Amino acid sequence: MLGESILEGMNPEQRRAVETTEGPLLVLAGAGSGKTRVLVHRVAYLIGVCGIPAEAILAVTFTNKAAGEMRERVTKLLGPAAEGVWVTTFHAACVRILRREIGHLGLSRGFAIYDEDDSLAQVKEALRRHGLDPKLNDPRRLRWRIDQWKNAGLLPSEAARSARDLDDELASEVYATYQRLLADANALDFGDLILQTTQLFERFPEVAAHYQRRWQYVMIDEYQDTNRVQYKLVSQLAGEHRNLCVVGDPDQSVYGWRGADLRNILDFERDYPDTAVVKLERNYRSTQAILEGATAVVANNRARKDKRMFTERSGGEKIWRYEASDERDEAQFVIRQILTAAREEGRAYGECAVFYRTNAQSRPFEEELLKYNVPYVVVGGVRFYERAEVKDALAYLRAIVNPADPMALRRIVNSPPRGIGKATLERAETLAAERGLPLRQALALVAESGEAGRVGPKVGAFLELLSLLSREVTSLGPAEALARILERTGYLAHLEREGTPEAEGRLENLRELLAGAEDFAAANTSSPGDERSPVELFLDQVALVSDLDAYEGAAERVSLMTAHTAKGLEFPVVFLVGMEEGIFPHSASIRDPAGLEEERRLCYVGMTRARERLILSCARERRRYGSHSFATPSRFLSEIPSSLTRGADFEPSPARD
DNA sequence: TGTGGCGGCGCGACA
DNA sequence: CGCCGCCACA
């Protein structure tokens, strides 16, 4: 009965993917083939039909948004029976495990999670400790290299052993120092969340055994985007029961730069020789021309598993093409098409999306949309939680929760300005490094010592304010805590005094932060058995949340985002803009064959987001870095058979089906 | 110590 | 072009 309703309306392949519950299973799911549906129904089938307890199931995705959607749909199918199943991201799963188990690795449970900026600052500090000049050794490059090692699952010692040139040797030494600084700060970066979890499982088999026993059924979404260390983690988790289902599409692998490794799919069939393979090749999303055009582009890749996508949505419009004179003309064309579609076809703005290769390309579109008063949303770019004022406010919470972390302290020590400048901070830093003290204690020494002159009392007052806040705030929810902090520190007053439009914008962002904290508290009433405070849970959430997660697709606004961000979404009308050599494919990948193939897959991803109408545009001339340059139409455009395309005119569009 | 001006450089995508 | 970091000056 329940089984019938769970399997209802599924095609034979989808059905097979749902019903094959035991043993390793590889689902090759093309774009728009109903992959999420299969995952959701598979979870429901396991619980509702096979009688597997919800706690024994783990489903992992890459974004919180995807996890949230999946959780919602499972709950809709099963009701309360779905409670206890873990549907989460790699990073959130690891944080939850590490918050319980990190003691084994010598850190404490209140560890901080560093974002890219924090991490970069620690790399700079590591360089300083090595006496290296940051101008000669680009910190960003080093951070990148360390991240690559982490994605590959290599610790500093292993990185040092694998180093084949002087650059890597030096980088591995910086890596070692960087890790020591993080440990001293009781902090982990993004890469560590995964890497340290695999370390935990490797070094403490009894801990690994606990989680292996718990999760009898493991599912991994977007498997083509996993990197080596995630592969290792998955093996560790599913090693005992081997009921491992991975779902992916090699043609949509677009995170090579993040360490994603297509070998994971090949190795999967090698490591689990009894793997069942299911191919989902029927596309339910796009019209024929769109699907054929996208397939024709990706077919130019050499490193590729053969796959034949098909759709029954024959007919529909051809793919539109437009060659603009420059980026302004391109943006005007796009807005004109959106306005026409709204006026003449009754389309909502929310049905339209603009995808570009790089975030910097959003500007002309934003300007035109503003000019014509068309509501829009830019998804991605500078994350909300990375804005300076938001990070400042959160840093107070972090400094209270994790007193060992110098990063939070550095941020807040002089914001709002309280007369503790660079010189004072440097004196404390040096003291901390020399004596092996936490920065906070070094600051206390500075406050006590008379030699510091008049700054001593100021530092003392700051530390006192901090401990006062700790006492006041620990029992409060995140919103009340933040409000109290912004008040007591004079942060709000300082911004209000400025009175500039920029300051007003910052105040607005802080109000948004408070609203977000309230929403969080409302949605996360403390569950019994969770010994972490609401403030701590809130900090985890903001460390792991992305711009996309908060994005509401249904809103009556045009969506602007990169092709990467668009992955997993779909829209009736899609504009893929800036289709020029050097932009898409990007100049950094153009000479490297593997890089070029990844660009092509990204193009495939962008095109297959469209349900009914796909418009590709390029500009003959474009301003970059403030100067003009001529552009050639992207090679990807010429890879679409001309029988599938038409140059865009401005007549009313043909009838739709 | 805080601020404002200037010069240099970057824009590749992300949890 | 726009942002960040550095330096001169109040």
Side-chain angles (χ1 to χ4, degrees), chain A residues 60-67 88-95 113-117 119-120 124 134-135 138-141 144 147 150-151 188-194 222 225-227 229-230 253-260 327 355-364 379-383 385-386 388 413-426 452-455 458 494 498 540-549 561-568 578 582-590 592 595 598-599 601-603 605-606 622-629:
Chain A
V60 181
T61 66
F62 270 82
T63 67
N64 295 296
K65 184 182 166 66
T88 181
T89 65
F90 270 105
H91 291 87
C94 287
V95 167
I113 301 169
Y114 278 4
D115 67 12
E116 218 169 302
D117 288 346
S119 159
L120 187 67
K124 285 177 185 163
K135 286 199 188 85
D138 182 7
R140 294 168 46 136
R141 205 189 161 119
W144 177 257
D147 208 44
K150 290 189 175 181
N151 288 334
L188 299 178
D189 64 17
F190 279 131
D192 272 338
L193 295 178
I194 319 285
E222 304 279 12
D225 290 331
T226 54
N227 57 38
V229 70
Q230 285 162 335
S253 170
V254 294
Y255 285 107
W257 50 274
R258 207 164 69 180
E327 75 273 0
F355 304 154
Y356 32 76
R357 178 63 179 80
T358 68
N359 279 306
Q361 286 167 256
S362 71
R363 187 172 292 250
V379 188
V382 182
R383 290 176 59 219
Y385 290 106
E386 276 166 16
V413 73
N414 202 34
S415 49
R418 46 174 75 89
I420 305 171
K422 207 174 123 197
T424 310
L425 188 60
E426 236 159 62
R454 293 207 305 282
V455 83
K458 292 179 185 167
H494 175 249
E498 266 187 45
D540 275 358
Q541 133 103 9
V542 303
L544 299 178
V545 79
S546 78
D547 225 44
L548 176 66
D549 300 329
M561 67 189 85
T562 65
H564 279 93
T565 303
K567 189 157 169 226
I583 291 185
F584 205 170
H586 196 270
S587 52
S589 311
I590 226 159
D592 165 39
E598 182 158 312
E599 296 284 321
R601 290 192 295 268
L602 183 59
C603 181
V605 165
R622 182 176 291 275
R623 229 163 44 168
R624 253 181 131 183
Y625 290 121
S627 60
H628 293 267
S629 57

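Remember, predicted model here, so these are calculated numbers, not experimental data. Within every chain, numbering begins at 1; the chains are lettered A, B, ... in the order of the sequence lines, protein sequences first and strands thereafter.
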- Message: Nearest whole Å is fine: how far is B:dC14 P from A:Y385 OH?
- Response: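 Spelled out: OH on A:Y385 to P on B:dC14 is 18 Å.
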Has [X] got its ring stacked on the base of [N], with centres under 5.5 Å and planes less than 30° apart?
X: A:F190; N: B:dA15; answer: yes
X: A:H586; N: B:dA13; answer: no
X: A:W257; N: B:dA13; answer: yes

- Check ion pair A:E327-A:R363 (N to O, under 4.0 angstrom):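 So A:E327 does not pair with A:R363 through a salt bridge.
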Side chain of [X] - closest among [options]:
X: A:T562; options: C:dG2, B:dC11, B:dC14; result: B:dC14
X: A:T424; options: B:dT1, B:dG10, B:dA13; result: B:dT1
X: A:T358; options: B:dC14, B:dG12, B:dA15; result: B:dG12
X: A:A588; options: C:dG2, B:dG12, B:dA15; result: B:dG12
X: A:Y625; options: C:dG2, B:dC11, C:dG5; result: B:dC11

- Query: NA contact type, A:F90, heavy-atom cut-off 4.0 Å: base, sugar-phosphate, or nothing?
  - Reply: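 A:F90: no heavy atom of the nucleic acid under 4.0 Å.
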- Query: With no hydrogens and no angle check, do the side chains of A:S546 and A:D549 hold a donor and an acceptor under 3.5 Å apart?
  - Reply: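 Yes, a side-chain donor-acceptor pair sits under 3.5 Å.
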- Is the base of B:dG12 touched by the side chain of A:S587 through a donor-acceptor pair closer than 3.5 angstrom?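 Absent.
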- Item | Polar side-chain contact A:E599-B:dG12 base: donor and acceptor under 3.5 Å |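 Flag set: donor-acceptor pair detected.
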- Is the shortest side-chain N/O distance from A:N227 to OP1 or OP2 of B:dA15 below 4.0 Å?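 No, no such contact exists.
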- Message: If the cut-off is 4.0 Å, is A:R258 near the phosphate of B:dG12, judged by side-chain N/O to OP1 or OP2?
- Response: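 A:R258 to B:dG12 OP1/OP2: no side-chain N or O under 4.0 Å.
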- Item | side chain to side chain contact (heavy atoms under 4.5 Å, CB included) involving A:R418 - partner list, sequence neighbours excluded |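 Counting only residues at least two positions away or on another chain, A:R418 forms a side chain to side chain contact (heavy atoms under 4.5 Å, CB included) with A:Y396, A:N414, A:P416, A:I420, A:F462, A:L465, A:T489.
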- Can you tell me, in whole Å, how much space there is between the C1' of C:dG5 and that of B:dG12?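 The same atom, C1', in both gives a distance of 23 Å.
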- Mapping A:R140 and A:K422 onto DNA chain B by nearest heavy atom, which one lands closer to the 5' end?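 The residue closer to the strand's 5' end, by nearest nucleotide, is A:K422.
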